[in-house]
Amino acid sequence: MSHVAVENVHGLEQQLAVLDLSAADGQGGGPNRNAFAAGRQGGYTIAPPANYGWDGGRNNFVNGYHDNRMAGGNVFNRGPPRMERGRGGVGGGYRGNRGGAFNPINPPQPMAFGGGGGGGGGNNSRWVEEPREEGDWSKPTPRNERLENELFSASNTGINFEKYDDIPVEATGQNCPHHIESFQDVDMGEIVMSNIALSRYTRPTPVQKYAIPIVKSKRDLMACAQTGSGKTAAFLLPILSQIYCEGPGEAVSAAKASGQDNGKYGRRKHYPISLILAPTRELALQIYDESRKFSYRSRVRPCVVYGGADIGQQMRDLERGCHLLVATPGRLVDMMERGKIGLDYCNYLVLDEADRMLDMGFEPQIRRIVEQDTMPHKGIRQTMMFSATFPKEIQILARDFLEEYIFLAVGRVGSTSENITQKVVWVEESDKRSFLLDLLSATVIPSEVQDGTGDTIEKPGKDSLTLVFVETKKGADALEDFLYREGYACTSIHGDRSQRDREEALSQFRSGKCPILVATAVAARGLDISNVKHVINFDLPSDIEEYVHRIGRTGRVGNLGLATSFFNDKNGNITKDLLDILVEAKQEVPSWLESLAYEHQHKSSNRGRSKRFSGGFGARDYRQTAAGGPAGGFGGRGGRNQAAHGGTRGFGGGGFGNFYTSDGYGGNYSHSQVDWWGN
DNA sequence: AAAAAAT
């Protein structure tokens with residue numbers, strides 16, 4: 001049945017979910033979880049901040065790029081902080097109490113919108129609006145219809161997750177709070193509830209049902225849930241709810257005490273109450289955009305900082321207040337070293353895509369941020385980690401940052417959504433391009449377009465997006481060029497493109513203006529793009545986690561998706577894991593893949609381990625063993641046609657099935673065959 | 001060997 005919450009039960013098939021990794025193994029003795037709430041309630045000096053536009057945070061100019069969502073320039077002035085009105089909050093203590101003592105002007109008055117436009121940024125503002133940080137943080141600030149439309153108009157029309165109700169859920173850890181069935185089952189306050197309604201969320205997704213009460217009860221959490229199942233809201237909603245409920249504590253007064261805005265970047269240091277770290281800039285931006293929705297009509301101001309964009313602009317944005325910060329690690333460290341951000345009062349830490357954040361490339365930066373600076377220790381702060389994949393070795397590492405945590409697994413850790421139809425096809429390197437053309441013309445929902453000669457041709461429609469993954473940045477450029485020359489409206493995203501181009505590419509893809517996006521791993525994780533109907537692994541990745549995340553760009557929030565992967569003898573290292581994934585997701589398995597996996601199992605060591613953890617085996621050694629060297633089973637020269645037609649390849653005893661021959665898919669695949677996967 | 005993430 002559904003939602004089997006298990007306490008301290010060692011599940012069998014849950015991929016290491018439990019083992020000895022559960023929180024129940026006595027890491028106890030740490031500080032009281034509630035310490036931060038109790039211990040950080042020092043003096044609170046109320047000093048009115050600069051004039052905030054009532055713009056849930058985001059101005060129309062962020063990160064150095066003009067944001068077209070709000071034409072007309074920066075209409076809100078950024079005057080100096082207003083003179084202290086000295087409502088004598090000193091010693092007044094913590095502000096979380098609703099209906100607290102200091103609420104003389106309620107509700108706060110918003111700035112006039114549009115009208116007046118803020119006085120040209122002069123330093124002599126005479127606006128007498130209530131600064132947003134004052135007042136009762138649990139009470140909504142006034143509506144702003146323009147902002148409301150901007151934030152909520154594009155959101156999808158509710159999530160249909162009924163079919164997920166029989167996904168097995170495992171929650172391990174001591175005193176795990178009971179899950180909820182509806183957003184009304186837990187008190188998240190009127191601000192959150194109204195933003196949930198505006199977002200048209202009808203009922204919580206499975207991961208939200210469990211994570212929300214866990215986070216609300218101040219527990220640390222390691223959460224694993226399939227791609228597209230609503231993880232972002234699963235942490236944003238309860239964290240924001242807590243901040244609204246408890247107020248800013250010392251963070252706001254500390255920022256004010258840290259200095260005056262000197263007009264340029266400001267001298268102030270900002271103390272976010274919550275920090276969310278993400279592995280790519282676009283993902284950080286996306287999370288930030290979500291946080292703007294859920295902080296609408298609140299006193300919480302979200303900010304985002306990431307590399308590749310104007311740091312001065314980001315600093316100016318911080319200057320307007322920063323209570324919830326979304327960041328990529330490098331830029332955050334930079335900001336910390338410049339004294340612009342202090343984590344001293346950061347009570348909530350989220351690692352999104354946590355297994356990536358803790359892998360070799362990121363771990364030192366995470367330790368730098370979390371352990372080697374002023375962030376409250378684990379047990380004081382609340383730490384939450386989310387990902388669809390979480391290799392065992394990284395789970396162990398992750399425990400360094402967690403205290404008495406709850407392990408939550410919705411579905412098996414690392415599994416793929418059954419909403420995604422997965423196909424693996426044998427394609428030699430030299431055939432990949434022509435194969436891709438066939439695939440594109442066969443799978444896109446076409447719209448008729450006039451080509452240069454006046455003939456009507458069919459091109460991808462804007463409601464049918466195709467995401468093509470390649471392994472290298474060069475490869476991405478080359479493939480984009482190729483597709484462009486073939487007449488496809490396509491673009492590309494990878495780490496060598498400018499940040500501006502990256503964001504532009506993503507936006508053109510999202511909007512359907514370029515319905516084909518060629519991408520490297522930068523787009524593999526977390527990005528929520530509606531209408532991605534087809535993910536194509538032009539090059540398969542070398543580890544299975546990457547595969548799971550890549551194909552998870554389709555089949556989101558209950559929609560169906562298709563993922564096609566080009567496989568050849570370069571991909572030996574992923575054979576077994578790929579087979580396991582296909583079997584588990586009840587997908588058709590090409591018999592040649594089964595045979596290869598069988599061979600691989602008998603011919604390579606270190607099987608089933610991600611290369612990151614292969615101990616003494618460096619990546620190079622592993623590759624040689626697995627795929628290239630004398631011990632490998634992939635030395636043969638088999639062509640796609642041979643494979644497809646069951647011809648003999650160079651693998652000893654490789655019995656090839658007729659999965660691809662039986663449906664004529666092999667070398668004779670043509671544009672007319674749109675039906676090869678059974679639709 | 002590659003990608004990502006600060007300049």
Side-chain angles (χ1 to χ4, degrees), chain A residues 63-64 275-287 304-315 325-341 351-370 373 387 389 394 429 467-479 492-499 501-503 505-506 518-527 537-547 549-550 570-574 610-612 614 617-629:
Chain A
N63 293 318
L275 173 66
I276 295 147
L277 291 171
T280 67
R281 298 160 181 178
E282 289 75 16
L283 181 55
L285 194 48
Q286 176 183 295
I287 296 166
V304 63
V305 299
Y306 56 80
D310 181 5
I311 195 169
Q313 190 60 50
Q314 290 178 354
M315 290 193 282
L325 180 65
V326 187
T328 49
R331 179 54 63 90
L332 174 60
V333 169
D334 193 355
M335 289 283 197
M336 289 162 63
E337 287 170 354
R338 292 170 188 244
K340 295 307 300 176
I341 290 172
L351 301 187
D352 199 14
E353 307 296 344
D355 57 329
R356 164 66 86 226
M357 300 309 288
L358 295 172
D359 81 4
M360 288 188 321
F362 277 116
E363 186 202 344
Q365 295 176 78
I366 301 304
R367 291 199 186 273
R368 162 76 183 80
I369 293 164
V370 177
D373 217 279
S387 184
T389 57
I394 306 261
E429 288 299 315
L467 180 50
V468 183
F469 281 105
V470 296
E471 202 51 17
T472 67
K473 294 178 277 201
K474 251 175 77 178
D477 282 337
L479 189 59
S492 71
I493 186 168
H494 62 69
D496 275 354
R497 300 199 69 190
S498 74
Q499 189 55 29
D501 287 350
R502 283 166 57 162
E503 287 174 31
L506 191 53
V518 181
T520 59
V522 71
R525 283 179 176 253
L527 297 183
N537 283 312
F538 188 87
D539 303 316
L540 269 165
S542 56
D543 64 79
I544 197 65
E545 288 83 18
E546 171 86 5
Y547 173 87
H549 287 278
R550 282 184 182 185
K570 284 172 63 183
N571 305 119
N573 47 2
I574 203 178
S610 179
K611 65 181 186 299
R612 292 191 298 266
S614 46
F617 293 85
R620 189 179 304 128
D621 298 322
Y622 174 68
R623 276 174 71 82
Q624 284 173 343
T625 308

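So that the names make sense, note that chain A is the first sequence line, chain B the second, and so on, each numbered from 1.
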K.L.:
To the nearest Å, give me how far apart CD (A/Gln365) and C1' (B/dA3) are.
P.N.:
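About 14 Å, once rounded to whole Å.
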K.L.:
Working to the nearest 0.5 Å, report the span between CG of A/Asp334 and NZ of A/Lys340.
P.N.:
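It comes to 12.0 Å.
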K.L.:
Can you tell which of A/Arg502, A/Lys474, A/Lys473 makes a side chain to side chain contact (heavy atoms under 4.5 Å, CB included) with A/Asp496?
P.N.:
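Looking at A/Arg502, A/Lys474, A/Lys473, the match for A/Asp496 under the side chain to side chain contact (heavy atoms under 4.5 Å, CB included) is A/Lys473.
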K.L.:
I want to verify a distance call: between B/dA2, B/dA6, B/dA5, whose nearest atom is closest to the A/Glu337 side chain?
P.N.:
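Side chain of A/Glu337 sits closest to B/dA6.
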K.L.:
In this structure, how many angstroms lie between the P atom of B/dA1 and the CG atom of A/Asn571, rounded?
P.N.:
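Whole-Å distance recorded here is 18 Å.
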K.L.:
What's A/Arg502 touching, base or sugar-phosphate or nothing? Going by heavy atoms closer than 4.0 Å.
P.N.:
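Sugar-phosphate: the residue A/Arg502, judged by heavy atoms under 4.0 Å, touches backbone atoms but no base.
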K.L.:
Closer than 4.0 Å, any side-chain N/O of A/Thr520 to the OP1 or OP2 of B/dA4?
P.N.:
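For B/dA4, OP1 or OP2 has a side-chain N or O of A/Thr520 closer than 4.0 Å.
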K.L.:
Any side-chain N or O of A/Lys570 less than 4.0 Å from the OP1 or OP2 oxygen of B/dA1?
P.N.:
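Answer no for this pair, as no side-chain N or O of A/Lys570 is under 4.0 Å from OP1 or OP2.
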K.L.:
Closest approach to the side chain of A/Thr472, judged atom by atom: which nucleotide of B/dA5, B/dA2, B/dA6 is it?
P.N.:
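Nearest to the side chain of A/Thr472 among the choices is B/dA2.
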K.L.:
Just how far, in rounded Å, is P of B/dA6 from CZ of A/Arg368?
P.N.:
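Taking atom P of B/dA6 as the reference, CZ of A/Arg368 is at 14 Å.
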K.L.:
Verify whether one side chain among A/Gln286 and A/Glu282 offers a donor that lies under 3.5 Å from an acceptor in the other.
P.N.:
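Side chains of A/Gln286 and A/Glu282: no pair found under 3.5 Å.
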K.L.:
Of the nucleotides B/dA4, B/dT7, B/dA5, which has the atom closest to the A/Glu282 side chain?
P.N.:
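Nucleotide nearest to A/Glu282's side chain: B/dA5.
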K.L.:
What's the closest nucleotide to the side chain of A/Arg281 if the choices are B/dA1, B/dT7, B/dA3?
P.N.:
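Nearest to the side chain of A/Arg281 among the choices is B/dT7.
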K.L.:
Determine whether A/Leu506 and A/Leu285 make a side-chain contact, defined as any pair of heavy atoms from C-beta on separated by less than 4.5 Å.
P.N.:
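Not in contact.
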K.L.:
Determine: side-chain N/O of A/Thr328 to OP1/OP2 of B/dA4, distance under 4.0 Å, yes or no.
P.N.:
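No, A/Thr328 has no side-chain N/O under 4.0 Å of OP1/OP2 on B/dA4.
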K.L.:
Could you check how far CZ of A/Arg331 sits from P of B/dA4, rounded to whole Å?
P.N.:
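So the two atoms are 17 Å apart, to the nearest Å.
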K.L.:
Could you check how far CG of A/Leu277 sits from P of B/dA4, rounded to whole Å?
P.N.:
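Whole-Å distance recorded here is 19 Å.
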K.L.:
For the pair made of CE in A/Met360 and C1' in B/dA1, what is the distance, rounded to whole Å?
P.N.:
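So the two atoms are 12 Å apart, to the nearest Å.
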K.L.:
Can you list the steps and then say if A/Arg550 with A/Asp539 is a salt bridge (charged side-chain N to carboxylate O under 4.0 Å, His left out)?
P.N.:
CA-CA 11 Å; A/Arg550 282 184 182 185; A/Asp539 303 316; over 6 Å; no
K.L.:
To the nearest angstrom, how far is A/Phe469 atom CZ from B/dA4 atom P?
P.N.:
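Rounded to whole Å, this separation is 11 Å.
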K.L.:
Without decimals, in angstroms, what is the distance between A/His549 NE2 and B/dA3 P?
P.N.:
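So the NE2-P distance, A/His549 to B/dA3, works out to 19 Å.
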K.L.:
Looking across every strand, which nucleic acid part, if any, lies under 4.0 Å from A/Gly361 by heavy atom: base, sugar-phosphate, or nothing?
P.N.:
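Base contact.
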K.L.:
Distance check: side-chain N/O of A/Arg338 vs OP1/OP2 of B/dA6, anything under 4.0 Å?
P.N.:
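No, outside the criterion.
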K.L.:
Among B/dA6, B/dA4, B/dA5, which is the nearest nucleotide to the side chain of A/His494?
P.N.:
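In terms of side-chain proximity for A/His494, the closest of B/dA6, B/dA4, B/dA5 is B/dA4.
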